[in-house]
There are 2 protein chains.
Amino acid sequence: MVERGGSGVPGGRRKQRVSMADVAKLAGVSSQTVSRVSNGHSGVVASTREQVLAAMRELGYRPNSAARALRYGQFNTIGVILFSLSSTGNSRTVEAIATHAAAEGYAITLIPIDVPTQDNVLGAFTRMGELAVDAVIVIMEIHLLDTGTVQLPPGVHVVVVDSDAGDRYSVVDTDQADGARQAVRHLLDLGHRTVWHVTGPQASFAGQRRAQAWRAVLQEAGRPVPPALYGDWSAESGYAAGLVLADPPDCTAVFAANDQMALGLLRAFHERGLSVPYDVSVVGFDDIPDAAFFVPPLTTVHQDFAEVGHRCVQKVLQQIRAGGGGQPGTDLVPTRLVVRDSTAPPRG
Amino acid sequence: MVERGGSGVPGGRRKQRVSMADVAKLAGVSSQTVSRVSNGHSGVVASTREQVLAAMRELGYRPNSAARALRYGQFNTIGVILFSLSSTGNSRTVEAIATHAAAEGYAITLIPIDVPTQDNVLGAFTRMGELAVDAVIVIMEIHLLDTGTVQLPPGVHVVVVDSDAGDRYSVVDTDQADGARQAVRHLLDLGHRTVWHVTGPQASFAGQRRAQAWRAVLQEAGRPVPPALYGDWSAESGYAAGLVLADPPDCTAVFAANDQMALGLLRAFHERGLSVPYDVSVVGFDDIPDAAFFVPPLTTVHQDFAEVGHRCVQKVLQQIRAGGGGQPGTDLVPTRLVVRDSTAPPRG
DNA sequence: ATCATGGGGGCCTTTAATGAG
DNA sequence: GCTCATTAAAGGCCCCCATGA
């Protein structure tokens with residue numbers, strides 16, 4: 001037992017990796033028998049099995065997943081390509097993906113793209129093709145797939161989150177448009193004449209959808225459409241927008257494209273002495289856990305990130321098991337408005 | 001060429017996977033030459049190379065990473081075991097790990113543990129051993145490794161984040177204690193007689209360290225140590241603590257173990273008509289991006305999650321390259337206090 | 001002598017076919 | 001004829017060495 005315990009047995013480098021053959025030799029059987037024991041197959045008498053297990057323990061044997069994958073042709077791993085984990089939505093979606101994948105016996109491999117240039121995206125897709133994954137989930141966020149400039153490698157099982165590419169890929173998305181409609185209608189129903197909007201980044205799908213729906217609801221209702229204020233999801237950009245919106249006296253309601261920007265709005269209005277909701281109503285989007293503890297608690301659109309992740313895993317496993325490419329089409333996860341204390345009828 | 005073209009050519013199932021041999025056949029060369037082209041090795045004349053590349057494109061060839069891993073004995077993948085991605089700290093650390101790993105040519109595989117029972121942790125470690133990873137980073141958060149009940153498999157390269165197991169494993173951690181000391185001293189320096197504390201979950205390492213340091217600073221300064229209020233990182237638990245703290249008239253300063261609980265405190269104090277910072281000073285921990293936009297902007301301890309992730313990758317790659325086990329020891333990433341508007345001298 | 005290419009073997013596991021009791 | 005174990009081959013890739021120009 002001198003060998004055990006990790007670092008540097010003097011005079012002898014620890015063997016890099018214990019193979020089945022090593023176990024077989026120690027147990028005095030063939031490697032075939034070891035394989036059977038390892039995979040719980042029948043045809044090994046109890047005493048032999050016990051011997052083999054003992055040898056495995058003694059040597060600290062772990063099956064080589066490369067060889068196994070080579071044999072079986074699959075890795076039990078799903079790749080996830082994304083731009084950033086730092087947004088609440090992404091990290092929660094990824095967490096749900098990881099959890100549901102684990103429940104099905106799959107691990108997930110993360111491929112981050114730090115700067116979303118076309119080269120980087122293509123590079124990630126290429127690398128992904130070479131990676132030890134059976135399928136890929138792409139969390140897009142931005143406009144690349146639907147422009148056709150970026151192509152996912154053919155013959156790879158793919159599910160895309162948050163994209164317009166539903167005509168070519170299997171897509172799962174939150175029902176952004178409906179969520180935004182609920183938000184804007186809620187404000188109009190309260191009696192506001194119109195609703196201002198702080199957008200997400202211009203390249204963002206989700207942001208675009210929310211802005212489109214905002215505009216559409218106002219137009220359908222025959223209300224004036226104020227100019228959109230451009231944000232970048234950060235609280236800071238919401239704060240900047242809030243400082244602008246604090247001036248026009250006719251701004252009584254704002255729909256922010258996410259909760260963090262709404263937080264920035266709240267602070268800006270507070271600094272300028274405007275009361276939320278009595279002077280200005282604010283609605284956010286996402287329903288991050290903190291939103292209920294903003295001052296005042298934020299009315300916002302709840303997104304079910306966990307469900308998005310869940311459906312991604314379902315779809316991708318379906319593709320793997322069916323063996324074919326994914327059916328194009330978009331699967332929409334519903335949203336719902338959560339009314340808290342940041343919205344009220346306009347004063348007067 | 002009937003075989004090509006993705007989904008369901010009638011009558012013929014598409015070949016599962018294109019091998020080097022297939023490419024070689026189409027290009028009229030040996031598979032060895034294909035290998036050379038694939039890896040950018042020299043010794044292939046331009047015309048041949050072009051032919052091979054054409055054949056690769058035509059067939060949609062992607063190298064089989066299982067075979068490659070089998071050959072090389074490594075996967076270029078690092079496993080990350082964690083409990084949750086939903087905390088800011090974890091997701092930012094993981095993002096940094098993924099980014100730095102990618103820069104070194106490694107992908108990362110996520111193994112989530114939904115409920116941190118001992119069985120689940122052991123199971124994850126076992127599975128990790130069989131997984132296609134070259135090393136493992138464990139983001140522990142809770143007390144399991146140092147109790148000795150859970151053992152990481154020997155012979156696996158491991159780096160642990162946030163743990164007391166520095167005597168046995170290679171550990172990277174934020175300097176929790178120093179951060180907490182800075183926070184408490186800042187409040188004492190402002191003239192507060194003592195400082196109350198809202199803790200993290202009791203099982204959390206980080207939480208324990210911060211609470212210990214809080215207590216130690218008060219004792220060293222000869223100040224009374226108020227009873228700790230137990231939170232669970234959530235804004236809700238901070239809110240609950242805030243409602244309690246709003247009553248004792250001698251509470252003029254609170255140190256919350258993270259920013260979200262601080263957010264809950266701010267709301268509770270606001271509801272009770274207490275002004276922050278004039279009636280009560282509040283300090284948080286983490287410096288999440290939103291903290292600067294709380295009302296009022298939060299004084300808090302900045303954690304460098306990116307640096308933690310970076311060092312994890314460095315250490316783990318070092319282990320892989322050196323081939324040995326990791327040197328036990330703890331690598332501390334410094335913290336710094338960021339003073340904003342939620343702290344002030346006590347009234348009167 | 002240099003340089004482009006091809007053949008053979010091995011990495012480790014699993015499964016089918018074959019052998020021994 | 002039946003149980004259990006062994007041998008052999010396959011899976012895709014890359015290195016070593018050999019071949020031919």
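Heavy-atom basis, side chains included; hydrogens, waters and symmetry copies ignored. In what follows, chains carry the letters A, B, and so on, assigned in the order in which the sequence lines appear, proteins first and then strands, with residues in each chain numbered from 1.
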Quiz item: Just checking A/Val29: base, sugar-phosphate only, or nothing, at a heavy-atom cut-off of under 4.0 Å?
Solution: sugar-phosphate
Quiz item: Going by atom types only, do A/Arg68 and A/Asn76 share a side-chain donor-acceptor pair under 3.5 Å?
Solution: no
Self-check item: First encountered from the 5' end of DNA chain C, between B/Ala67 and B/Ser42
Solution: B/Ser42
Quiz item: Can you check the A/Arg49 CZ to D/dT3 P distance for me, whole Å?
Solution: 16 Å
Practice problem: Starting at atom CZ of A/Phe75, determine the distance to atom P of D/dG11, rounded to an integer number of angstrom. | Solution: 16 Å
Self-check item: Single hit among A/Thr109, A/Val159, A/Leu110 for side-chain contact (heavy atoms from CB on, under 4.5 Å) with A/Val80
Solution: A/Leu110
Quiz item: Rounding to a whole Å, what distance do you find between A/Met20:CE and D/dA5:P?
Solution: 14 Å
Quiz prompt | side-chain N/O A/Arg68 vs C/dT14 OP1/OP2, d < 4.0 Å | solution = yes
Quiz item: Contact class for A/Thr48 (heavy atom, under 4.0 Å): base, sugar-phosphate, or nothing?
Solution: sugar-phosphate
Quiz item: Between B/Gly43 and A/Val34, which has a closest nucleotide on DNA chain C that is more 5'?
Solution: B/Gly43
Quiz prompt | Donor-acceptor pair present, A/Gln32 side chain and C/dT14 base, under 3.5 Å | solution = no
Exercise. Calculate the interatomic distance between B/Arg62 atom CZ and D/dG11 atom P; express it in whole Å.
Key: 18 Å
Quiz item: Is B/Ser38 reaching over with its side chain to a backbone N or O of B/Val34, donor-acceptor style, under 3.5 angstrom?
Solution: no
Quiz prompt | Minimum-distance nucleotide to A/Thr33 side chain [options: C/dT5, D/dC16, D/dA5] | solution = D/dA5
Self-check item: No-H, no-angle donor-acceptor pair, A/Arg36 side chain to D/dA5 base, under 3.5 Å
Solution: yes
Quiz prompt | Any side-chain heavy-atom pair of A/Asp22 and A/Leu26 under 4.5 Å | solution = no
Quiz item: Taking atom C1' of D/dG11 as reference, at what distance in whole Å does atom CD of A/Gln74 sit?
Solution: 14 Å
Quiz prompt | Distance test, side-chain N/O of B/Tyr61 to OP1/OP2 of D/dC13, below 4.0 Å | solution = yes
Quiz item: Counting any heavy atom closer than 4.0 Å, what does A/Ser30 reach on the DNA or RNA strands: base, sugar-phosphate only, or nothing?
Solution: base
Exercise. Please confirm whether any donor atom in the side chain of B/Arg71 sits under 3.5 Å from an acceptor in the base of C/dC11, or the reverse.
Key: no
Quiz item: Do we see a donor-acceptor contact under 3.5 Å between the side chains of A/Ser30 and A/Thr33?
Solution: yes
Self-check item: A/Ser35 side chain near C/dT14 phosphate (N/O to OP1/OP2, under 4.0 Å)
Solution: yes
Quiz item: Rounded to the nearest Å, what distance is computed from the OH atom of residue A/Tyr72 to the P atom of nucleotide D/dA10?
Solution: 18 Å
Quiz prompt | Out of C/dC12, D/dA5, D/dG12, whichever nucleotide has its closest atom nearest the side chain of A/Asn64 | solution = C/dC12
